Each structure stands twice: as C-alpha cells, then as structure tokens.
Amino acid sequence: MNKQQLLTSYNKNLTLSNRVVMAPMTRSRANNEGHVPTDELQGLYYEQRASAGLIISEGSQVSTAAVGYINTPGIYTDEQVEGWKKVTKRVHDKDGKIYIQLWHVGRMSHPDFHNGALPLSSSAINPHSKAFTPEGFKDTVTPKAMTIEDIKTTVNDFRNAAANAVKAGFDGVEIHSSNGYLFHQFFNGTSNIRTDEYGGSIENRCRFFFEVLDAIKEVMPQENIGARFNPSLDGMFGMTMDEETIPTFEYIIKKLNDYNLAYVHLSEPFTDVSKIPFAVKEIAKHFRPLYNGTLMINSNFDQEKGNKVIEEGNADLVAYGKLYISNPDLVERFENNLELAAWDQDTFYTAGAKGFTDYPTASN
C-alpha cells in the first residue's frame, strides 16, 4: 500500500516529517494585560499539535497599532517574547516545528483598540464590516490613510517583530498578507485609491509588502520566511475583487520566484466566486505553474482532498485549520484512518482551556 502523500517527508528549504500543516487560527486566549501567550494555555495547545509537519501560530500583532481583535497575542514586547519562548520550547521538545504569523489588521480594527484613534489603511475607505472589540462586535469605521511615515514605521514594526520571533525561538515567520488585512488592503484597487508610489499600478500597490519582506530578510534568512495570500477573496473581510485582483496576485507570486522563501501559502476561495468572471475558482491549480518554490494550500481540505492535491502536483503542503482545533493528533488520525472529532464553534474565541486544550486524542 502506497504511503499517503500527506504523510511523506518534505525537504526544500523546509525539512518536515510530513506535509500536514497546522494553519494559523485566531483563538483569542491571550486575555491578559500584556497580550502575552502563556505556558499553560498556548504552550500546551501547540505542544499537543506538535506532530504536524509544521505549525503556523495564530496571527500575532507586530505593534499596538496592528491590533484588531480581542485577546490576541503580540510579538512586540520583551514580555511577549518570553511568553513565546515557552511555547516554542514545548513544540521543539516534541520534535515539532513552529512559525509565527506576523499580523497587522489595518482597517479591520476599531478606534476602541487605539484609544479613540482611527485604524490605519491604504486609503480612507470603510470596509463596512464588523470589528470584534472588548464590547462585542461593532461596525468598522473609515480608517486613516497611511502617510509615508506611517508606512516606514510599519515596515520597521515587522522587522522588529521578526527579530523578536528569532529571539523567541521560532523556526520562521509567516507574513499575513491575506484575508482583507493590511497588505491585502494595499493590493486591491477597491481598497487602495492612493496616487503616490504605493497606489495606482500593480507594482505600486505591492510595493509595501515587498518592502516588509526585504526588511525581514535583514534579520533572518529568507528561507525561514513564508507569506500567505487569498487571491479570490470576495465579499468577506471588506474585500471586493476587480479585474486587476488576480493579475495583482500573479505579479506577486511570480516576483516571489526571485526570493528563496520557505513557502507561499494560498487559500482556495472562501465563498462561491463562480459568478465573478475575473475570479479564479481553483487557486492551487492556477498558481502552481507560476511559482517555483514550495506551495502550501488551505481552506476546507479533508484527508482525501489533501492527498489528491499533492498527488496531482498542485501543492506541496496542505494546511488544516478547524480540523486541528478538535483533533490535536490529526497526523496520527490520518495515518490510521481514524474518525475525526467535531469542533465546538462556540468556544473558538472564548477564554480559558475549554475548547482549546481539552480536546482528547484518539488514544485517550
């Protein structure tokens, strides 16, 4: 019997024992004043899932200006670095590998997170979405269009966050340039109407992302850097596609061939985009021929689909999200073709261990 493709090793910049990746997922468990991950919660949570070929942590804000959800951990203070050290040690003690996802939500935030100040974005355009604040969901507001100085500060914030990730013992970082957050807001013409060097042309709208990537390269090897994109995102997180959306992502992915990254992480469409003439319905299949490096794919894959996308040559790695919430031993369950446990959506973003570290393994 041939071994499942998901369970084969991988060695191209990344050296992984299998191709099952734990996707980054916001869990909102850093409910303390310093937004610090703790040994007893995040430490145990990630340790339980260390048999994944690679863990990508929940999005972690690179500065106070980057925050947009309650109780999410950061990677910009010494206290946060010390907290993450305990997490990475637990994972490494189980022979696991873990990257941290570096995050700035941009306009998907709310003034409640910024002492009344407006959140930042590419342009002053309200995404007309909802922000999850300490007082519950609130309507988003029209953000402040970032000045050149704001952009320079943010580039430096990402550089410092990556340097902190190295100090904290992470194996690498993933730049969260997806799901309607700050970089995505610069990429899309419907959210970026700037007329300076960060707006207008596709090259200009992608400039900020590549400046951040180049800054992170200054503090860590580029082979330890990944980036995540959601090319056909539409109707969620304030994003609306236009005719230039896919050409923009094609430009980004092709340009990333000039780098030597750990991986590019793509998401299949979150919604039905079949009626959008300029959307791509099959992301892995479309972008695989454009990228020479390691391609990771995500969004609603099960065991069978995960094996198939690798077998067909359309991806190298498959990232699983919700299945990893309720199945800490997902790799072992795949290996033995065991039944998968169901997740409890009511505890995705609540405080404490319930719905976080209390899911049993199949052997328990």
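Count residues from 1 along the sequence. Note that the coordinates shown come from a computational prediction; the quantities given were computed from them, not determined experimentally.
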Any side-chain heavy-atom pair from F237 and N230 closer than 4.5 angstrom? no
Flag, side chain of N71 to backbone of R29, donor-acceptor distance under 3.5 Å: no
With a 4.5 Å limit on heavy-atom distance, are the side chains of K281 and S274 in contact? yes
Sidechain-backbone polar pair: N327 side chain, L340 backbone, donor-acceptor under 3.5 Å: no
Partners of N314 by side chain to side chain donor-acceptor pair (under 3.5 Å), sequence neighbours excluded? none
Check whether more than 12 heavy atoms from other residues, nucleotides or ligands sit under 6.0 Å from atom NZ of K138, and answer yes or no. yes
Could you see if Y76 belongs to whatever hydrophobic cluster contains I216? Use Ile, Leu, Val, Met, Phe, Trp, Tyr and a side-chain cutoff under 4.5 Å. no
When you measure from the side chain of N224 to the backbone N and O of G172, does any donor-acceptor pair fall under 3.5 Å? no
Would you indicate whether the side-chain heavy atoms of N307 and F301 approach each other to under 4.5 Å? no
Is there a side-chain contact between R90 and L44 (heavy atoms, below 4.5 Å)? yes
Taking the six-membered ring for Trp, are Y45 and F356 parallel (under 30°), tilted (30 to 60°) or perpendicular (over 60°)? parallel
Please test N156 against T153 for side-chain hydrogen bond (donor to acceptor under 3.5 Å, both in side chains), starting from the C-alpha separation and ending with a verdict. CA-CA 5 Å; N156 199 49; T153 296; over 6 Å; no
Taking the side chain as every heavy atom from C-beta outward, state whether R205 and T248 have any pair of such atoms under 4.5 Å apart. yes
Nearest heavy atoms of S28 and E58, plus distance in Å: N-OE1, 4.4 Å
Among V20, L330, V331, which one satisfies side-chain contact (heavy atoms from CB on, under 4.5 Å) with S51? V331
All heavy atoms of E47 vs all of V91, minimum pair found to be N-CG2, 4.2 Å
Should L14 and Y291 be counted in the same cluster of Ile, Leu, Val, Met, Phe, Trp and Tyr side chains packed under 4.5 Å apart? no
Y263 and E174: side chain donor to acceptor below 3.5 Å: yes
Checking R19 side chain against I310 main chain: does a donor-acceptor pair fall under 3.5 Å? no
Min side-chain heavy-atom separation F209-L256 under 4.5 Å: yes
When you measure from the side chain of K97 to the backbone N and O of T15, does any donor-acceptor pair fall under 3.5 Å? yes
Give a yes or no on whether the backbone of M241 and the side-chain of D234 come within a donor-acceptor separation of less than 3.5 Å. yes
Mind listing the closest non-hydrogen atom pair of A145 and S122 along with its distance? CB-O, 3.9 Å
Taking the ring of F249 and the ring of H184, is the distance between their centroids below 6.0 Å? yes
Donor-acceptor pair between Q48 and T357 side chains, under 3.5 angstrom: no
What are the two closest heavy atoms between I325 and G355, and how far apart are they? CG2-O, 4.2 Å
Short question: side chain of N260, backbone of Q222 - any donor-acceptor pair under 3.5 Å? no
Pick out which of P111, S129, P119 makes a side-chain contact (heavy atoms from CB on, under 4.5 Å) with T140. S129
Heavy atoms from other residues, nucleotides or ligands near NZ of K217 exceed 12 (cutoff 6.0 Å): yes
Please determine whether residues L54 and I100 belong to a single hydrophobic cluster, defined as Ile, Leu, Val, Met, Phe, Trp and Tyr linked transitively by side-chain heavy-atom distances below 4.5 Å. no
Working note: T154 + H104, criterion side-chain hydrogen bond (donor to acceptor under 3.5 Å, both in side chains); need CA distance, chi angles, decisive distance, verdict. CA-CA 9 Å; T154 306; H104 192 310; 4.6 Å; no
For atom CG of N300, decide whether the heavy atoms of other residues, nucleotides or ligands shown that lie under 6.0 angstrom number more than 12. no
Heavy-atom closest contact (A262 atom, G226 atom, distance): CB-N, 4.5 Å
For Q185 and G180, indicate whether the former's side chain and the latter's backbone hold a donor-acceptor pair under 3.5 Å. yes
If we only count heavy atoms from C-beta on, is the L323 to W343 side-chain gap below 4.5 Å? yes
Side-chain (N257) to main-chain (L290) donor-acceptor, under 3.5 angstrom: yes
Donor on one side chain, acceptor on other, Q4 and N18, under 3.5 Å: no
Check whether I56 and F158 end up in the same hydrophobic cluster, where Ile, Leu, Val, Met, Phe, Trp and Tyr are linked by side-chain heavy atoms less than 4.5 Å apart. no
Does D78, at its CG atom, have more than 12 non-hydrogen atoms belonging to other residues, nucleotides or ligands within less than 6.0 Å? no
Whether S177 side chain and F183 backbone form a donor-acceptor pair below 3.5 Å: no
Could you go through D329 and Y359, starting from their C-alpha distance and side-chain angles, then the distance that decides it, and tell me whether this counts as side-chain hydrogen bond (donor to acceptor under 3.5 Å, both in side chains)? CA-CA 10 Å; D329 56 340; Y359 286 104; over 6 Å; no
Closest heavy-atom pair, Y349 versus T26, reported as atoms and distance to 0.1 Å, is CE2-O, 3.2 Å
How are the rings of F334 and Y320 set to each other: parallel, tilted or perpendicular (split at 30° and 60°)? perpendicular
Measure up the H176 and Y181 rings against each other and bin them: parallel (under 30°), tilted (30 to 60°), perpendicular (over 60°). perpendicular
Could you see if V141 belongs to whatever hydrophobic cluster contains I70? Use Ile, Leu, Val, Met, Phe, Trp, Tyr and a side-chain cutoff under 4.5 Å. no
Between P247 and I202, is there a side-chain heavy-atom distance shorter than 4.5 Å? yes
